[in-house]
Each structure stands twice: as C-alpha cells, then as structure tokens.
Amino acid sequence: MRLHMKENYQQRQKERYHYGRWENGGCFLRPLQPFGKGYSIAMPPPNVTGVLHMGHLLNNTIQDVLIRYARQMGQCAFWQPGTDHAGISLQVKVEKELQKQGIFTKNLSREECLRHACNYRDAYGNIILDQLRHLGVSCDFSKKVHTLDPAYCRTVLAGFVELFRRGYIYRGRRMVNWCPVSQTAISDEEVIMEARRGKLYRIRYAIAELSGEYLEVCTTRPETIPGDVAIAVHPSDLRHRHLIGKHVCRPFPKKEIPIIGDSDVLQDFGTGALKITPAHDPVDFAIGQRHSLECLDILNGDGTLNALAGSELEGLSREDAREKSVQMLKNLGLLLEEEDYEHSVGISERSGKPIEPRLSDQWFLRYPQVERAKEVVRKGLIQFFPRHWEKTYLHWLDGIQDWCISRQLYWGHRIPVWYPKGGDRTDVSAWHVSVDGPPDPENWEQDEDVLDTWFSSAFWPMGTMGWPDPIAMETHHFQFYYPTAVLVTGPDIIFFWVARMIMMALEFLGRGDGEDLKNVIPFRAVYFTGIIRDSKGRKMSKSLGNSPEPLDLIEKYGADGVRFGLLSMAPIGQDVLFDEGRLKQGRNFCTKLWHACRFRMLQGDDFLPKLLLPPQRISGVDAAILLALIQLCEQLETALKNYEFHSAVQKVEHFFRSDYCDWFVEICKIRMKANPSLRAEILGVQDIVLRQLLQLLHPFTPFICEELWQTMGYGEGFLQDVSLLTGDGLKKQLEGLADFDGGTTAPVENLRETVGLLRALKASIGLANCKDVPMYCDGNWEEAAAEEHLFILKEMVGFSTVRVVNSLQGLSTVLTPLGTFAFEANGSDVDGAKEREKLLREAEALRSNIAANEKKLSDVKFCQRAPAEVVAGAKSLLMKNQKDLEEIERILHISQG
RNA sequence: GGGGAGUUAGCUCAGUUGGUUAGAGCACCAGCUUGACAUGCUGGGGGUCAUGGGUUCGAGUCCCGUACUUCCCACCA
C-alpha cells in the first residue's frame with residue numbers, strides 16, 4: 001500500500017513564480033552600496049535582430065552560474081546586460097520589412113530611414129533578453145545598455161575622436177571588401193572564403209606590334225576584361241620577357257594596353273601571364289600602383305557593370321556580364337579553352353554573395369597597443385580558458401592589418417567628422433572632429449558613413465561602466481567593478497571582439513606596466529564556450545533546420561533541466577554535440593532532487609530542520625556521507641575556479657544519486673526502522689546534506705533549489721543571499737557542532753563493497769528477489785565489522801539470517817572485504833558450478849597478477865628507482881592477492897570436496 | 001601553404017605531476033511497482049586507449065614519425 005499519493009514537481013509553474021519573486025525582491029540588482037570585492041560580468045550583447053538560439057542558452061547559463069556563485073561567496077555581483085544595434089543586420093531586416101509595405105529606403109531621407117530602423121529596434125530589440133529570463137538569468141535589467149543609447153554613443157564617439165587625435169584613425173583610398181548587396185565596405189573578418197566551383201578561361205590577346213601573334217592569359221573573371229589596363233608577365237620568364245614593353249589589344253572596349261614585367265606574377269600558374277585590373281583585384285592593384293597604371297573601375301556599387309565596361313555589358317550583373325563576355329570572346333575567336341575550376345571566393349558574411357574588391361574612400365584603424373595586447377595574454381594577466389586559444393589570438397595579432405571601420409549605412413554611430421560645407425574634403429586640417437560636432441553646424445557637412453558595429457562593441461566593458469565620463473564612471477562604480485571578472489563568449493569572435501576590447505582598454509585606461517595593468521585589462525579571464533552542433537556535428541543553422549527552439553526546450557524540461565543538461569554536455573575546449581537526452585537527464589535530476597527532499601519532509605514535521613541539529617557523535621555511514629559532502633564541496637570549488645562546468649555538474653549528480661540517495665538514504669530507512677530512537681539524529685544528517693546540496697546546486701539549478709529551500713525551511717530569505725560554506729568551512733562547522741569522526745571511512749567502504757558483491761552474486765544465481773533466504777559463511781568473517789553492520793547488510797542485500805556452516809560446498813560463493821559468503825542457488829546454479837567457474841577465472845587472474853607483481857618486486861631496478869609508496873603499494877597488493885587466492889583455493893578445495 | 005584541436009566502450013566524454021586490474025553518462029541486456037522517486041531501483045555485458053617507433057623499472061599519459069577527423073588563418077589570376 002502506498003501511504004501517499006503520487007505527487008510531482010510543478011516545474012515550470014514554480015520557475016515562473018520564483019523568477020517573479022527574485023525580480024521583485026531585487027535579487028539581481030547591482031548592490032547599491034558596494035562592499036568587499038566586486039565581481040562583474042558584461043554580457044555579450046545579443047543583436048537586437050537576433051533570435052534566441054542554443055548558443056545563447058549555453059553562454060548565458062554559464063554566466064549565470066558564475067554570477068550566482070559569486071553572490072553566494074559573498075561578493076558584490078553585477079551582471080551587466082545589453083543589446084547590440086547590429087549594424088548591417090538590422091538595416092537589411094528593416095529594409096526587407098519596408099519593402100513589403102512598398103517603401104524603398106533609397107527614396108527616403110537619412111532621418112526617415114533612421115526613424116524606421118529605431119521603430120524596428122524598439123519593437124524587436126528586447127525580445128531576446130526577455131526570452132533569456134525564462135532561462136533564469138540574473139542580470140541587472142535596470143542597468144541594461146544598448147549600443148545606440150546616448151551615453152554609449154558618447155563612449156564610442158569619444159573613442160573615435162581620441163584615436164583620430166592620436167593618429168590611429170585615418171581616411172584613405174584603398175582596396176576594401178565591398179558587399180554589392182548591402183552596398184557597403186566590410187572588414188576582412190566579415191569575409192568568408194568559400195570553395196566555389198567555377199571555370200578557368202584561357203583566352204588570348206592579340207599582340208599589337210606583332211600581327212598574328214597572341215599572348216595567352218588565364219582568368220576566372222572574363223567580365224573584368226574592360227577593366228584591364230595591362231598584361232603582366234614575370235620579367236625572367238623566357239617565354240614572355242621579349243614582349244615586355246609591347247602592347248596587346250584589349251578586345252572590349254577595344255584598346256591597346258601595355259605588357260609589363262612584374263615579379264609578383266607566378267610563372268607556373270596558367271600561362272604565366274596575368275591580366276591586370278587594378279580596380280577589382282588586390283594583387284592587380286598593387287601591381288598597378290608599382291607601374292603607375294590607371295585604375296579603371298567598371299562596376300557600380302550594386303555589382304552591375306557601368307558605362308566604362310562598354311555598351312554591351314553596361315547594366316548587366318556580374319554573373320550575366322560573365323556569360324556575355326564569354327560569348328563575346330567566343331565570337332571574336334579569342335576563347336581558347338574553358339575548364340572546370342574550383343577556387344575559393346570571398347563571400348560576404350551578411351549577404352552570402354561574393355564580395356567585390358573595390359577601391360574606395362574609407363576610414364581605417366591602425367590597431368593600437370598590439371604588442372601589449374599580446375603581452376597581457378602571454379603573461380597570463382588575462383587567462384584564456386581553454387588555454388590553446390591564446391595561440392590563435394597571438395597569431396592573429398602577429399599578422400594584423402588595418403581595420404576598415406567605415407560602413408556605407410545609416411544605421412550605426414555616424415562618424416564624428418565634419419567637413420567645411422562645399423570645401424575640399426581631402427584637406428585634413430580643415431576637418432572638425434569631435435563628439436559634439438561643430439558649434440556652427442550650418443557651415444559643415446558630417447561624414448555620411450557610420451562605424452562598424454564591432455568598433456562600438458570594442459568599448460563594451462568600459463563604456464557600460466560610464467567611460468570616459470568621470471561622473472558616469474563614479475555612478476557606475478567603475479573603480480569597484482572594473483575590470484570585469486570574466487568574459488564568456490564563443491571563439492568565433494576572438495578577433496571581432498575579444499582582441500579589440502583588449503586593445504581599446506590598453507589604449508585608453510592607462511599605459512602603466514605590471515600591477516597597473518591588472519586594472520586596465522577589460523576582463524581577467526575569457527572563457528570560450530564550444531559551438532553547439534547537432535548530433536551529427538553540423539553547425540546549427542536555420543537553413544538546415546537542425547536547431548531546436550530554445551523556449552520549447554525550456555517548456556519541456558524546465559529551465560533547471562535545460563541548464564543542467566547543457567552544462568553536462570559542454571566539456572571545456574571542445575564543441576558541443578547537442579543531445580536532447582541530456583536535457584531530459586537534467587530534468588530527471590531535478591525531479592529526483594525534489595523527491596529526495598519530499599522524502600525528508602514525509603518523515604514528519606516534528607523533525608523539520610529549523611536548527612539542523614546533528615547527532616552528538618557522528619560516525620559510521622553518517623560520517624562517511626558528510627565526508628563525501630565535504631569532498632564534493634572542494635571538488636566544486638576547483639571545478640568552478642577552472643571553469644569546468646561539465647565536471648562540476650557530473651560530480652554533484654554522482655554524489656547525489658549514488659552516494660546520497662542510493663546508498664545513504666536507503667540505509668537511513670533501514671536504521672530508522674531498526675532503531676526509531678535514532679530518527680532525529682539520522683534526519684539531522686540528511687538535513688545537513690540536503691541543505692548544503694541545495695546551496696551547491698543553486699548556481700546550476702536555481703529555481704528548484706529556491707523552491708526546496710523555502711519548503712524545507714532551511715533558512716530565511718532568498719537562497720542566493722545565504723553564504724556558502726567551503727568544504728573546509730563545512731568541516732570546521734561540523735567539528736564545532738558535534739564529535740565528528742572524520743577519520744577513516746574504510747569500514748563503510750568495505751560494507752558498501754560487500755553489499756555490491758552480494759547483490760551481484762544473488763542476481764547471478766537467480767535470487768535477486770528472494771529476501772527470505774539464508775546467507776552462509778564458514779566462520780571466517782570479520783565479526784566485529786559484520787555485527788555493527790549486520791542489519792544494514794541484511795536489508796541492503798536481502799537475506800534472512802547468517803548461517804554459519806562447516807563447509808560451503810555446493811554453494812555459490814563470493815569473497816568480500818567482510819569475509820567469504822555464500823548462497824544456495826536457485827535453479828540456474830544449484831550446485832554452485834557457475835560461481836565456481838567464476839572463482840576459477842578469478843583465481844586465474846589473481847595468479848597472473850601475483851606473478852606480475854612478484855616479477856616486478858624482484859626487479860632490483862624497480863625497487864631502487866620507483867618511489868617508496870609505489871613499491872609499498874605493489875607489496876600490499878601482492879599480499880592481498882595472495883590472501884584472496886588462498887581463500888579462493890580454500891573454497892574451491894572444499895567445494896570440490 | 002601555415003597553425004590549432006582531436007582520435008580511449010555502440011555514442012558523448014573523463015582520465016591530475018608517468019605508478020596497482022583504464023572510468024562515467026547515454027544506449028544495450030536481464031530483473032524489479034520496494035512506503036521519496038519507473039522522470040525510479042538492482043545487476044550485467046562491452047575497450048589491443050588510431051597507428052609505428054623511442055625514452056623509462058613502468059606509458060592512455062612524455063618524445064618523434066604516420067594516418068584520419070575537424071577548426072582557424074592565408075590564398076595563384
């Protein structure tokens with residue numbers, strides 16, 4: 001009969017309830033009066049256009065774990081949330097949206113465009129943060145910062161102005177990556193090289209001075225022929241060098257162009273001759289510069305060909321123009337061959353279309369503080385977890401190129417540079433560069449470009465804390481909370497973001513060395529999460545449809561379950577193969593935790609542990625579980641210190657399930673039944689464990705812990721505010737409260753091992769469910785230990801009595817740390833033959849181990865060179881094996897009769 | 001082309017400075033409605049630690065080579 005109705009934990013209902021309580025209770029607020037030590041994390045601001053994905057869940061779970069743990073450890077914890085205006089990404093989305101309504105932004109003024117974009121941002125911008133609430137994030141929403149907030153804009157512009165003044169920012173006409181779809185320049189990091197299948201065309205140009213002779217050239221881009229201004233060959237190329245100085249006829253538009261010699265041309269590629277289109281290829285551009293060649297730009301901003309390409313190609317897209325020019329070459333008899341050719345093409349990360357190298361006027365940043373940025377990481381001032389990302393970081397900084405920071409968009413921080421109205425824009429001395437603009441704006445025109453989104457993000461940790469405004473820095477407690485403790489992000493933005501934040505902080509917050517640097521760096525550690533992939537290892541993406549909906553998962557498994565599951569599958573240093581089964585395990589863990597607490601409560605209110613009184617003397621299984629608990633605390637401290645969340649979660653789950661529930665609680669039931677007077681003491685120990693467990697688990701599964709903390713009555717107020725004892729602290733506390741036998745747990749371990757061995761024996765001979773069978777022994781067991789634990793053994797294993805007999809012959813026998821025991825088999829092994837075989841195998845294994853160990857110990861080198869404890873270990877193992885073997889031989893001898 | 005990471009049970013991964021007989025979870029098989037929990041319990045099978053050398057008394061662990069996987073960077077028209 002069941003005493004109680006089945007009951008289950010109403011997970012999502014409780015989660016919603018507690019999140020509301022926390023927010024209303026101000027749990028997440030940055031402490032008003034900072035005290036002690038500050039611990040802050042700046043959340044990587046999600047894009048306002050973003051959709052919550054699995055990466056956000058993992059990333060924010062980790063940050064939440066860290067910030068909650070810091071709170072428990074009594075630190076002033078502040079988690080700064082925010083959103084990123086998302087530059088191109090938002091502008092593209094707004095324009096698509098407007099197009100549906102028949103509105104085209106090219107017909108609108110900049111102000112009107114901005115208004116639409118702001119509306120869009122305001123409508124969708126907070127969705128993702130709101131979604132994150134379901135996960136239980138404890139960031140201080142009242143301090144939320146958006147990258148286009150007025151205050152943050154001042155940060156960004158001040159950064160620009162100062163970098164300009166210091167000579168790091170300049171304007172120049174350079175070859176940049178042009179996205180013809182978004183019609184803006186993009187940075188090198190936003191270009192993804194992709195292998196694309198195309199054709200390599202072998203074509204020939206007639207040599208003007210030598211009628212009937214041709215120079216052959218290979219190209220993948222025949223549509224750029226109108227932009228050709230020369231053909232280059234290697235000056236020492238015997239096939240071609242006599243042609244240098246002569247000319248070829250460009251077929252369309254018809255023109256004679258020179259043949260030049262340049263050693264950048266690869267002799268062994270294609271025909272060894274390279275057509276030079278300086279406006280549309282970086283290598284060609286460089287060659288063109290060297291030879292003072294004209295730059296013939298035949299493309300419009302949208303990627304179509306312009307009038308310079310000639311009337312036949314003008315207006316065509318790049319793709320159409322390629323087809324057309326191939327046809328034209330064919331017609332002219334100049335196309336010799338086309339072969340399939342796979343080569344890598346630069347693709348715009350945003351539009352997915354090939355970028356176009358384009359010469360244009362742009363703003364560039366020469367990175368400041370490159371060497372010191374390397375140094376702070378190399379010297380461990382900023383620690384990377386996992387460490388190997390250091391190499392990627394350092395390598396990138398080694399080959400760093402100037403960064404094109406201007407974008408031809410309206411959505412973003414507009415470049416704070418003004419030119420005299422109608423004046424010459426190239427005259428730098430006439431420019432006005434300031435955060436607030438010129439006092440007489442009517443006489444000036446502001447630069448049209450905006451800054452790359454990542455430029456604004458580079459100031460995130462300092463900007464959110466008020467930099468550079470001294471008053472704002474004061475109110476944000478910059479001194480107290482900066483630098484942030486840790487940055488939690490993906491390794492894919494190590495260049496985009498991590499490196500740039502470090503350089504900006506070093507540039508602006510001080511130039512000191514040594515100790516000073518500790519207050520300058522933007523974060524003391526960077527934890528790189530893995531990228532979440534599907535079970536087949538593919539990146540999760542919308543197009544593949546392999547990404548589960550995060551909110552559905554939270555509905556299904558609860559926020560606690562999702563958090564626990566995600567952490568358990570996220571080992572340090574590797575990508576995460578997503579497995580929904582883990583989330584289920586997470587939920588199951590929570591359910592079991594709830595039931596374990598429920599069991600405690602069902603023992604009666606009179607024992608409800610307001611005071612947590614342990615027994616006067618703690619020993620035996622009580623001491624063992626408490627020691628394991630202390631050890632668990634220590635393991636968690638280490639794991640969290642090293643950002644080993646995977647290991648933390650695994651350790652706590654193992655302790656709870658295996659040590660506490662399956663072993664300790666089951667024994668408690670037996671002890672309480674056998675000796676009701678021990679009830680209060682036993683439950684007291686359970687309370688100590690459960691209370692500590694709820695605290696330990698709070699960072700990982702905050703909701704259920706809060707719920708149980710309240711129902712169990714373990715403390716007043718919010719769980720997060722109760723200071724968490726370290727393993728050492730807990731040990732001291734226990735020693736202070738009771739006579740705590742923290743000594744050897746060997747007897748309990750022996751008991752546990754014996755239980756396991758006897759259960760296995762019973763199962764293997766078909767007695768798993770028989771509890772009324774006698775257990776036999778022939779008198780050689782360690783009675784003292786057995787007596788103390790006999791009733792536990794009886795119930796845990798399931799036997800009626802111990803029958804001492806003269807011989808174990810014909811019985812199924814097993815060696816245990818507490819002695820040799822036997823059962824009378826049921827059906828499958830009536831004469832004990834099966835177990836005898838097992839014993840024979842065991843004896844065999846023991847003999848070979850003994851032989852190996854004897855050999856080892858007789859080896860003089862081993863005894864001399866191995867450490868003493870290893871030698872001693874081998875000796876004691878040898879002895880144990882010999883003893884076990886003797887015992888088995890004795891049993892086998894007896895049982896063979 | 002340069003660099004990183006990896007290869008341990010069917011799957012996902014642990015495995016501390018080299019030291020007893022290599023672990024966990026999932027999956028699988030068998031048994032169990034047991035007074036918290038079947039979202040559970042008990043038991044079980046399953047690994048030549050990718051491969052070839054080397055160092056060592058001793059190698060999953062350290063060194064060198066090879067193969068494969070994967071990521072990043074650069075890029076030849």
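Lettering of chains follows the sequences in order, A, B, ..., and the numbering in each one begins at 1.
- Annotation: side chain of A:Trp663 is in contact with side chain of A:Leu751 (closest heavy-atom distance under 4.5 Å).
- Residue contacts for A:Gln585: at a heavy-atom cut-off of 4.0 Å it reaches the sugar-phosphate backbone alone, with no base atom in range.
- For A:Gln603 against B:rA36, no side-chain N or O and base N or O form a donor-acceptor pair under 3.5 Å.
- Evaluation of atom-type donor-acceptor distances gives a pair under 3.5 Å for the side chain of A:Ser344 against the base of B:rC75.
- For A:Lys669, the NZ atom is densely surrounded, since the number of other residues' heavy atoms within 6.0 Å is greater than 12.
- Comment: A:Glu390 engages A:Arg387 in a salt bridge, judged by a side-chain N to carboxylate O separation of less than 4.0 angstrom.
- Phosphate proximity of B:rU20 to A:Asn853: absent, as no side-chain N or O sits under 4.0 Å from OP1 or OP2.
- When heavy atoms are screened at a 4.0 angstrom cut-off, A:Cys597 is found touching no nucleic acid atom at all.
- The 5' end of RNA chain B is approached more closely, in terms of each residue's nearest nucleotide, by A:Lys856 than by the other of A:Lys856 and A:Pro282.
- When both pairing distances are held under 3.5 Å, B:rA50 makes a Watson-Crick or G-U pair with B:rU66.
- Backbone-only contact: A:Leu577 has heavy atoms under 4.0 Å from sugar-phosphate atoms and none from a base.
- In terms of phosphate contacts, A:Lys875 brings no side-chain nitrogen or oxygen within less than 4.0 Å of OP1 or OP2 of B:rU20.
- Rounded to the nearest Å, the gap between the C1' atom of B:rU56 and that of B:rC62 is 10 Å.
- The shortest distance between the side-chain N/O atoms of A:Tyr341 and the OP1/OP2 oxygens of B:rA77 is below 4.0 Å.
- When Watson-Crick and G-U wobble pairs are counted only if both distances are under 3.5 Å, B:rC28 pairs with B:rG44.
- Taking the charged nitrogens against the carboxylate oxygens, A:Arg202 and A:Glu339 have no contact shorter than 4.0 Å, which rules out a salt bridge.
- Nucleotide B:rG1 is matched to B:rC73 when pairs are restricted to Watson-Crick or G-U wobble geometry with both distances under 3.5 angstrom.
- B:rA67 and B:rC11 have their P atoms separated by 24 Å, with the value rounded to a whole Å.
- Among the heavy atoms of the strands lying under 4.0 Å from A:Asn769 are primed sugar atoms or P, OP1, OP2 only; no base atom is included.
- Residue contacts shown for A:Asp268 are absent, as no nucleic acid heavy atom lies under 4.0 Å away.
- The shortest distance between the side-chain N/O atoms of A:Arg387 and the OP1/OP2 oxygens of B:rG4 is not below 4.0 Å.
- For A:Lys592, a side-chain nitrogen or oxygen approaches OP1 or OP2 of B:rC41 to under 4.0 Å.
- A distance below 6.0 Å separates the ring centres of A:Tyr393 and A:Phe384.
- Comparing B:rA50 with B:rG6, their P atoms are spaced 13 Å from each other, to the whole Å.
- The base of B:rA5 does not come close enough to the side chain of A:Lys391 for any donor and acceptor atom to sit less than 3.5 Å apart.
- Take the nearest nucleotide of RNA chain B for A:Gly873 and for A:Met193: the residue whose nucleotide is more 5' is A:Gly873.
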